[in-house]
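Beneath this line is the structure, given in structure tokens, with notes to follow.
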Amino acid sequence: MSDKGRSNTFRDEPWLFRTYAGHSSAEASNALFRTNLARGQTGLSVAFDLPTQTGYDSDDPLARGEVGKVGVPITSLDDMTALFDGIPLDRMNTSMTINATAPWLLALYIAAAERQGIDRAVLQGTVQNDIIKEYLSRGTYIFPPAPSLRLIGDVVAFTCREMPKWNPTNVCSYHLQEAGATPVQELAFALATAVAVLDAIRAGGQVSEAEFPRVVGRISFFVNAGLHFVTELAKMRAFVELWDEITATRYGVEDEHLRRFRYGVQVNSLGLTEQQPENNVYRILLETLAVTLSRKARARAVQLPAWNEALGLPRPWDQQWSLRLQQILACETDLLEYPDIFDGSTVIEAKVGELKAEAMAELARIEAMGGALAAVDSGYMKSRLVESSAARVQAIAAGTRQVVGVNCYTETAPSPLTTGEDGGFLSIDPATEAAQIERLRAHRARRDARAAEAALAWLDRAARVGENVMPASIACAHAGVTTGEWAACLRRIFGEYSAPTGIAGAHTAGAGDALAPVRARVEAMARRTGRRLKILVGKPGLDGHSNGAEQIAVAARDSGMEVVFEGIRLSPARIVGTALEEAVHVVGLSILSGSHLQLVEEVMARMQKAGIGDIPVVVGGIIPPEDAKALLACGVARIYTPKDFSIPRIMEDIVDIAEAAERQAA
């Protein structure tokens with residue numbers, strides 16, 4: 001006898017099980033992929049290192065310290081072939097989190113498949129290929145908005161005709177939430193991005209009116225889900241309804257299947273805590289419910305963070321633990337045996353309606369500005385994210401937003417998960433970078449240099465005259481062109497872009513009272529010394545996650561300090577030059593990519609050489625205890641990690657450090 005309400009006619013297929021993986025080298029990442037597939041993972045999600053994401057070869061000076069840290073380094077077809085060695089690409093669904101260099105990584109993937117004897121038409125997967133959110137959050141953009149949209153259009157048009165099973169762009173709101181977006185902002189900013197992309201494709205002339213509905217049907221999304229999982233579930237249902245309305249009314253898509261909101265998800269990493277990290281397992285489970293419980297708004301692919309990502313890179317076992325969570329939910333529960341259990345819920349319907357109304361109002365504001373690109377260029381969207389992030393940080397510091405183990409229920413026994421020799425996370429072998437550089441140089445030496453030059457000349461010509469760059473990029477892949485060479489060719493034509501920081505336009509209501517004591521000390525110091533306390537907030541290396549740096553810059557400004565913040569991807573030489581030119585009192589460095597040892601040591605060595613070694617340096621990032629000891633030993637004044645959530649306390653520290661330096665100088 002069946003349970004009342006249970007459908008006897010179907011059991012839904014589970015979503016794709018993925019883990020976001022890649023580190024050190026193509027060979028090491030291939031071993032990790034094969035291990036995860038053997039443990040029941042049903043799709044791949046590739047993490048690339050920062051040089052690959054930002055278009056630099058592993059031996060470029062700007063790549064120093066970054067190679068293989070946050071993902072796999074891919075510099076040529078040889079690396080891509082090694083990455084998928086023994087993995088039949090015609091039977092794999094592969095997601096690649098890649099944006100500015102998406103045409104190139106897709107070209108390498110196609111070429112790797114062709115080396116396996118596989119027709120590109122059968123390949124299934126996704127390139128993220130969403131540059132607008134890079135301007136707002138992750139910071140791995142290269143080119144200005146107009147040529148970036150053109151490259152997105154090239155990928156879309158090419159795959160529409162030659163790779164019908166491929167998702168050519170994955171509009172990504174995940175990183176918007178990581179940068180502080182509220183559910184309404186996540187809805188509105190992501191949908192505004194999708195509209196900007198589709199409008200550009202329709203105007204670009206590469207896709208006919210007859211083909212356009214199919215293009216709309218291939219647009220997919222990649223979302224986030226936080227701990228307010230009832231609101232997050234309603235947000236997903238709002239996404240479904242709003243996308244259906246936009247594609248029907250704005251684009252005239254009649255086929256309801258082509259109007260479906262298709263999405264993958266990684267649940268929230270921003271809320272994972274360094275304190276009591278074992279609690280993160282429960283957070284991840286609850287967030288997963290938001291994107292799986294509602295059948296109408298269920299994710300098609302899920303990848304979950306690991307419990308220890310606030311400490312460092314997850315180990316294979318940590319990724320298995322997150323994979324098992326998915327498998328238990330899909331295989332051991334009856335979740336997939338019922339229709340949508342929220343249909344008819346007045347509470348859910350009301351919340352969905354509220355989110356839709358607010359999101360449509362925000363969409364209208366963006367539309368009135370001229371669309372998503374104009375809202376990026378003006379700094380509007382970035383400023384709103386900085387404000388929302390500041391409000392979240394302030395609420396945690398004030399205790400009005402409770403986080404177990406952080407600002408409440410902080411008493412704890414030591415966690416056995418973090419007491420092993422490895423500290424509970426994966427450390428990248430420092431020799432990895434040198435080995436990758438050696439492989440790259442060997443590749444350059446053995447390739448046909450004339451063939452590479454000819455392929456690059458084709459790419460140059462295609463980019464200059466407005467041809468689709470994908471055929472030339474695939475030719476470059478087969479000819480042995482490197483990632484840095486491909487990107488350098490397009491940099492010469494399109495130039496590079498520096499996105500607005502959002503600091504000037506961010507208003508942090510509610511911060512004033514908490515920062516009042518700091519502001520009084522800053523004013524007293526200014527009267528005593530005759531000049532205002534000045535701090536340089538710098539992001540050295542290729543790490544584009546600027547959220548933490550922005551929060552420090554905004555709080556320092558609101559504390560009365562003079563702030564020098566020039567954005568992301570600064571060389572150590574530029575940071576030191578700016579510190580010297582601006583005569584700052586304190587240098588603050590934010591590094592989240594794991595390259596803190598090399599970059600901080602270089603900054604400090606250059607400061608000594610420039611004669612400003614007496615300026616104190618503070619560093620923030622995901623910094624393991626042993627690395628923190630090494631940095632303090634080389635002269636860093638303070639280290640801040642995710643456990644240091646009280647911004648007012650950090651501001652007090654900065655004043656303490658500046659006053660101590662003042663006394664020492666006297």
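Under 3.5 Å, the side chains of Thr140 and Glu134 contain a donor-acceptor pair of N or O atoms. Side-chain atoms of Tyr109 and Thr94 include a donor-acceptor pair closer than 3.5 Å. Using modelled atom types, one finds no donor on one side chain facing an acceptor on the other under 3.5 Å when comparing Asp85 with Asn30. A donor atom on one side chain and an acceptor atom on the other are found under 3.5 Å apart for Thr126 and Asn167. Under 3.5 Å, the side chains of Gln206 and Asp154 contain a donor-acceptor pair of N or O atoms. Side-chain atoms of Asn36 and Gln319 include a donor-acceptor pair closer than 3.5 Å. Between Asp340 and Ser294, the side chains place a donor N or O and an acceptor N or O closer than 3.5 Å (distance only, hydrogens not considered). Checking Gln436 against Asp79 by side-chain atom types alone, a donor-acceptor pair falls below 3.5 Å. Under 3.5 Å, the side chains of Asp49 and Thr52 contain a donor-acceptor pair of N or O atoms. In the model, Lys165 has no side-chain atom that pairs as donor or acceptor with a side-chain atom of Asn93 under 3.5 Å. A side-chain donor-acceptor contact under 3.5 Å links Ser269 and Tyr174. Using a 3.5 Å distance cut-off with no hydrogens or angles, the side chains of Asn170 and Ser220 do pair a donor with an acceptor. A donor and an acceptor atom, one from each side chain of Ser473 and Trp486, are located under 3.5 Å apart.
Across all their heavy atoms, Trp166 and Val127 have their closest contact at NE1-N, 3.5 Å. Taking every heavy atom of both residues into account, Leu83 and Phe33 meet most closely at CD1-CE1, 3.5 Å. Listed here is the closest heavy atom pair of Tyr135 and Phe143: OH-O, 2.8 Å.
The distance from atom SG of Cys172 to atom CD1 of Ile131, rounded to the nearest 0.5 Å, is 11.5 Å. Atoms CG and OG1, on Asp543 and Thr54 in that order, are 10.5 Å from each other to the nearest 0.5 Å.
Taking the charged nitrogens against the carboxylate oxygens, Asp255 and Arg260 have no contact shorter than 4.0 Å, which rules out a salt bridge.
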Assess the residue pair Arg115 and Thr81 against the criterion (side chain to side chain donor-acceptor pair (under 3.5 Å)); give the C-alpha distance rounded to whole Å, side-chain angles, the decisive distance to 0.1 Å, and a yes or no. CA-CA 8 Å; Arg115 276 191 175 181; Thr81 301; 3.0 Å; yes
Passes side chain to side chain contact (heavy atoms under 4.5 Å, CB included), Val291 versus Tyr263? Steps please. CA-CA 10 Å; Val291 294; Tyr263 78 96; 3.6 Å; yes
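Every residue two or more places apart in sequence or in another chain that forms a side-chain contact (heavy atoms from CB on, under 4.5 Å) with Leu285 is listed here: Leu325.
In this structure, Arg202 forms a cation-pi arrangement with Phe212, its terminal cationic atom sitting closer than 6.0 Å to the ring centre and no more than 45° off the ring axis. Taking the centre and axis of the six-membered ring of Phe84, the NZ or CZ atom of Arg34 falls outside the cone set by 45° and 6.0 Å.
Summarising the local packing, CZ of Arg91 is surrounded by 12 or fewer heavy atoms from other residues, nucleotides or ligands at distances under 6.0 Å.
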